[in-house]
Each structure stands twice: as C-alpha cells, then as structure tokens.
Amino acid sequence: MVRQRTRPGDGQPVRPPADDDPVGALLVRTARGDEPAFAELYEHVAPRVYGLCVRVLRDPGQAEEVSQEVLLELWRRAARYQPDRGTGLVWVLTVAHRRAVDRVRSAQARTDREERAAATATPRGGDEVAEQVTIRMEHQQVRRCLRALTELQRQAVTLAYYHGRTYREVAELLGVPLPTIKSRMRDALIRLRDCLAVAR
Amino acid sequence: MNRGYPFRRHSADVHTLIGPYVLDAVTGPERHAVERHRVHCPSCDAEIAELTATAARLADSTIRTPPEALRQRVLAEARRTRQDPPSAHADAVRRIGWHGWDAVAAVLLLVVFAVLVTYGVQQTRVDRARQQNAVAQSRQQDVAAVLAAPDAELVPTTLPDGARGRLVVSRSDDRAVVTLTGLPALSGRHTYQLWLVSGAGHPASVGVLDVGTRSTTRVVSGIAAAEAFAVSTEPAGGSTRPTNIWASVPLTG
C-alpha cells in the first residue's frame with residue numbers, strides 16, 4: 001500500500017473517519033518500521049491521547065508521561081492492530097484509556113499527584129482554557145448524547161470513563177446495587193451508540 | 001459447547017460485565033474473564049467491538065494540544081526502540097525462567113531501582129513545573145481574557161495538509177487566540193510565521209514559530225483592523241514580508 005499522504009476530509013484529520021481510516025492505514029505502515037508514517041500517526045492521534053490522559057488523570061505532568069508510554073506502545077505494538085477488528089483510532093483510544101485508567105488506580109500515582117499539587121499548584125495552561133472553550137463550541141455532539149441519558153446512566157459512564165472508577169466504586173459512590181450499575185453501563189453505551197450514529 | 005449448568009452460569013456472569021469491561025471499569029481478573037469469553041462467543045465479541053467504538057467517541061470532547069517536547073521525545077525514543085512481533089507470544093516468553101530466589105532477588109533489585117528513579121524524577125519534575133509556572137501564568141491570563149470577552153467568537157478555520165486550526169476572536173478586546181496543531185514538517189531550516197492582513201497596509205507579523213515546531217497556542221493583538229489571518233512558510237527566524245503564504249483565514253463577515 002503506497003499511500004503518500006492520508007487525505008484529510010475538509011481540514012479535520014483528527015475527527016474519526018467515517019469510511020476512510022487514515023489512522024489505521026498509518027498503523028499498518030508503522031508496523032513495518034516506517035518512521036515517517038509513525039511521525040504522521042503522532043500528529044493524528046497525540047492530541048487525542050494526551051487530551052484523554054489529562055481528562056482521566058487530571059494532572060498534565062502525569063498525562064504527559066502516560067501519553068509518552070501509550071504513543072511508544074503504538075510504535076512497538078503496531079503489528080498487533082488488526083484492521084478487520086475496528087478502526088485505528090478506536091484501537092489507539094482503547095490502548096490510551098486503559099493505560100490512563102491503570103495509572104489513575106495505582107496508589108503511587110495518587111501520592112505523586114497530591115505531593116505535586118501541594119508543591120507547585122500549577123495553574124491551568126493557556127492551552128487548557130482555549131481547549132475548553134473550543135471544545136464547548138465544537139464537541140457538542142457527545143455532550144448532547146450524554147445529556148440524553150438518564151441521570152444514573154450518565155453518572156455511571158462519566159465516573160467510569162472520565163474518572164477511571166471501577167464499577168464497584170461507581171456502585172458504592174452512587175449507592176446502587178452492583179447488578180444495576182453493570183446493566184446501566186451497558187444500557188448507556190447502547191443509547192450512546194444509537195444517538196451518535198444517528199447524528200453522524 | 002455444552003458443558004452444562006456451571007459453564008452457562010459462568011458465561012452469564014461474564015456477560016453482565018460487558019458494559020463495565022468496555023468502559024475499563026473492571027479489575028484485571030474480570031478483564032481476562034471477558035477476554036476469554038469473547039473468543040467463544042461471536043455475538044458478545046461483536047457487541048463489545050461496537051460498544052468499544054462508541055466509548056472511544058467519549059474522547060471526542062477531550063482533545064488537547066500536547067506539549068511540543070512530547071513529540072520530540074516520542075519520535076526519538078521510537079527510533080531507539082525495537083518493535084514487537086505481531087503475535088502475542090512475548091508475554092508468555094517473559095514468564096519463563098522466573099522461579100524461586102532468582103525472582104525474589106530480581107524483585108528486590110527492581111524495588112530499589114524504582115525508588116531511586118522515582119525520587120530523581122520527582123525532584124526534576126517539581127523544578128521544571130516551578131519554572132514553567134511563571135510563564136504559563138501570564139500567558140494563561142491573556143488567553144483567558146480573550147476567551148472570556150462577551151463577543152468572543154470561533155472563526156471557521158480550514159487548513160491544508162491535514163493541519164488543524166482554531167481561531168477565537170474578540171473584536172472588543174482587539175485580540176484573538178490562535179491554536180495550530182499538526183502543521184506539516186518543513187524541510188531544511190524553514191518555519192512558520194503568523195500574519196494579520198489588513199486591506200490597506202502590508203501584512204503585519206504577529207509571531208514566528210521555532211524551527212521544528214508544529215503546534216502552538218498564542219494570543220495575537222491588533223485584530224480589529226485585520227481582514228485575514230495568514231500563515232506563511234519562511235526561512236528560520238522569519239521575514240519582514242510573507243514569502244510563501246501557506247494558509248489564509250478570512251476574519252470578516
């Protein structure tokens with residue numbers, strides 16, 4: 001496959017591709033040790049990987065460390081990506097989310113975060129403020145679909161995906177029995193799937 | 001596979017874990033149970049794949065420009081890192097030969113090493129964070145001021161070559177916040193320069209990126225009179241007039 005440059009849809013290359021899969025194509029090339037393809041892959045996915053890590057870890061320093069691990073894992077394990085099992089972007093985000101969640105759950109990470117917060121009280125960078133505003137303007141769709149869930153469904157998804165909580169912790173936090181929380185998570189994902197697919 | 005009641009009860013338990021599994025809200029053993037189960041259950045496997053793609057969309061609302069240093073570190077590290085083979089044998093191989101005192105000694109060594117490294121890294125990080133603090137603070141105030149302006153407006157920004165741009169303009173504040181990411185790499189000692197173009201005079205330079213920089217967020221002043229924002233490619237250090245306009249974004253209308 002000689003693809004000189006992935007063709008971005010109208011200037012929005014980091015959006016999930018509808019029928020084209022530039023990230024998947026770059027992963028396939030990366031698996032063959034193609035360094036320029038990996039550099040291009042970085043440009044496509046780094047803002048998503050880093051953004052997700054910041055959201056889950058709530059600490060730019062640790063998010064940077066975990067992002068580096070994830071991005072290097074993409075280089076090392078690109079050959080594990082199977083194009084027939086989903087788009088490249090989904091694979092990348094699955095790897096990134098799992099890593100971020102593993103880190104947020106480790107006791108060491110918690111201690112580090114607390115120590116650092118006390119030591120430096122780093123202000124939110126300009127990028128963060130800018131991103132928050134533009135996110136508000138640009139990424140209404142996910143928010144709209146999240147709002148369409150029931151309160152319990154939304155909290156379950158938010159605590160699990162964005163805060164890295166286990167379903168047991170979520171059940172405890174929300175005061176709901178375990179079987180209920182497990183099925184609410186699944187129901188919520190099914191509703192999100194339908195909502196996001198319709199609006200696409 | 002019909003192995004009777006115990007097996008079926010087990011799969012039913014595993015089945016209820018699909019939602020938590022997709023959200024990474026399970027423990028390690030539960031994760032493995034689901035992964036073993038999906039191999040034998042095509043319908044579960046299809047559902048997990050579909051819901052995993054849905055969960056990935058939740059990351060749509062978290063995109064953020066990473067620090068430029070990350071890119072350099074990742075690409076340099078990749079150059080030095082050997083890639084894994086396609087199969088999953090590596091994990092199994094790693095377990096062979098780990099028994100008895102060998103393992104205990106190795107674990108002790110690792111713990112000592114980890115403690116030393118963690119301490120060193122921690123100190124460096126705290127120092128670095130302190131230095132960045134002052135710079136970030138002043139820039140953050142500028143960015144926040146523009147974004148908080150009552151007339152702040154997101155200007156549609158389409159860039160060539162897969163790059164991404166965002167422009168939030170406040171005419172009352174006479175400033176804009178520009179975010180550029182994924183700028184294509186330039187050959188030789190070339191870089192990007194940012195301009196404001198007004199109807200009458202020459203384009204005014206509002207900043208030059210360092211050579212090799214491919215993303216930036218900055219506050220640009222003097223927006224009120226400008227009709228367009230432009231990005232050009234220039235020799236290192238920038239030019240007084242744009243040499244080669246790479247992208248232009250109209251600000252009026």
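So that the names make sense, note that chain A is the first sequence line, chain B the second, and so on, each numbered from 1.
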Worksheet item: Quick one: do A/Arg85 and B/Asp45 make a salt bridge, cutoff under 4.0 Å?
Response: yes

Between [options], which has the largest tally of heavy atom pairs under 4.5 Å with chain A?
options: B/Thr81, B/Leu75, B/Leu58; answer: B/Leu58
options: B/Ser215, B/Gly19, B/Ala78, B/Ala185; answer: B/Ala78
options: B/Ala56, B/Pro67, B/Ala59; answer: B/Pro67
options: B/Val22, B/Leu183, B/Val26; answer: B/Val26

Quick one: closest heavy-atom pair of [X] and [Y], and the distance?
X: A/Arg55; Y: B/Ser61; answer: NH1-OG, 4.3 Å
X: A/Thr94; Y: B/Asp24; answer: O-OD2, 4.4 Å
X: B/Thr65; Y: A/Tyr50; answer: O-CE2, 3.5 Å
X: B/Leu23; Y: A/His97; answer: O-CE1, 3.4 Å
X: B/Glu35; Y: A/Arg98; answer: OE2-NH1, 3.4 Å
X: A/Ala79; Y: B/Pro85; answer: CB-C, 4.4 Å

Tell me, do [X] and [Y] make a side-chain contact under 4.5 Å, heavy atoms counted?
X: A/Pro47; Y: B/Ile63; answer: yes
X: A/Glu64; Y: B/Arg73; answer: yes
X: A/Tyr162; Y: B/Thr62; answer: yes
X: B/Leu70; Y: A/Ser67; answer: yes
X: B/Thr52; Y: A/Val90; answer: yes

Contacting moiety of [X], where chain B heavy atoms sit under 4.5 Å:
X: A/Ile181; result: neither
X: A/Asp102; result: side chain
X: A/Tyr81; result: neither
X: A/Ala96; result: neither
X: A/Tyr42; result: side chain
X: A/Glu35; result: side chain
X: A/Arg165; result: backbone

Between [atom1] of [X] and [atom2] of [Y], what distance do you get to the nearest 0.5 Å?
X: A/Leu52; Y: B/Arg64; atom1: CG; atom2: CZ; result: 11.0 Å
X: B/Thr16; Y: A/Lys182; atom1: OG1; atom2: NZ; result: 3.5 Å
X: A/Leu192; Y: B/Leu51; atom1: CG; atom2: CG; result: 9.5 Å
X: B/Ile18; Y: A/Arg186; atom1: CD1; atom2: CZ; result: 5.5 Å
X: A/Gln68; Y: B/Glu77; atom1: CD; atom2: CD; result: 6.5 Å
X: B/Glu50; Y: A/Ile190; atom1: CD; atom2: CD1; result: 9.0 Å

Worksheet item: Do A/Arg168 and B/Glu30 pass the side chain to side chain contact (heavy atoms under 4.5 Å, CB included) test, and can you show the C-alpha distance, the side-chain angles, and the key distance before you say yes or no?
Response: CA-CA 12 Å; A/Arg168 284 193 187 79; B/Glu30 288 168 333; 2.7 Å; yes

Fill in: Set of residues satisfying side chain to side chain contact (heavy atoms under 4.5 Å, CB included) with respect to B/Ala46, sequence neighbours excluded
none

Practice prompt. Begin from the C-alpha positions of A/Phe38 and B/Val74 and carry the test side chain to side chain contact (heavy atoms under 4.5 Å, CB included) through to its verdict.
Written response: CA-CA 10 Å; A/Phe38 179 64; B/Val74 166; 3.7 Å; yes

Practice prompt. Verify the distance criterion only: is there a donor paired with an acceptor across the side chains of B/Arg57 and A/Gln141 at less than 3.5 Å?
Written response: yes

Worksheet item: Would you find a donor on one side and an acceptor on the other, under 3.5 Å apart, between the side chain of B/Gln83 and the backbone of A/Arg77?
Response: no

Worksheet item: Hey, is CD on B/Gln72 packed in by over 12 heavy atoms from elsewhere, all under 6.0 Å?
Response: yes

Discussion item. Below 4.5 Å, heavy-atom pairs only: which of A/Leu72, A/Leu93, A/Val157 has the largest tally toward chain B?
Written reply: A/Leu72

Fill in: Top of A/Ser183, A/Ala39, A/Gly51, A/Gly86 for chain B proximity - count of heavy-atom pairs under 4.5 angstrom
A/Gly51

Response to the item:
Honestly, the part of B/Arg79 sitting under 4.5 Å from a heavy atom of chain A is both

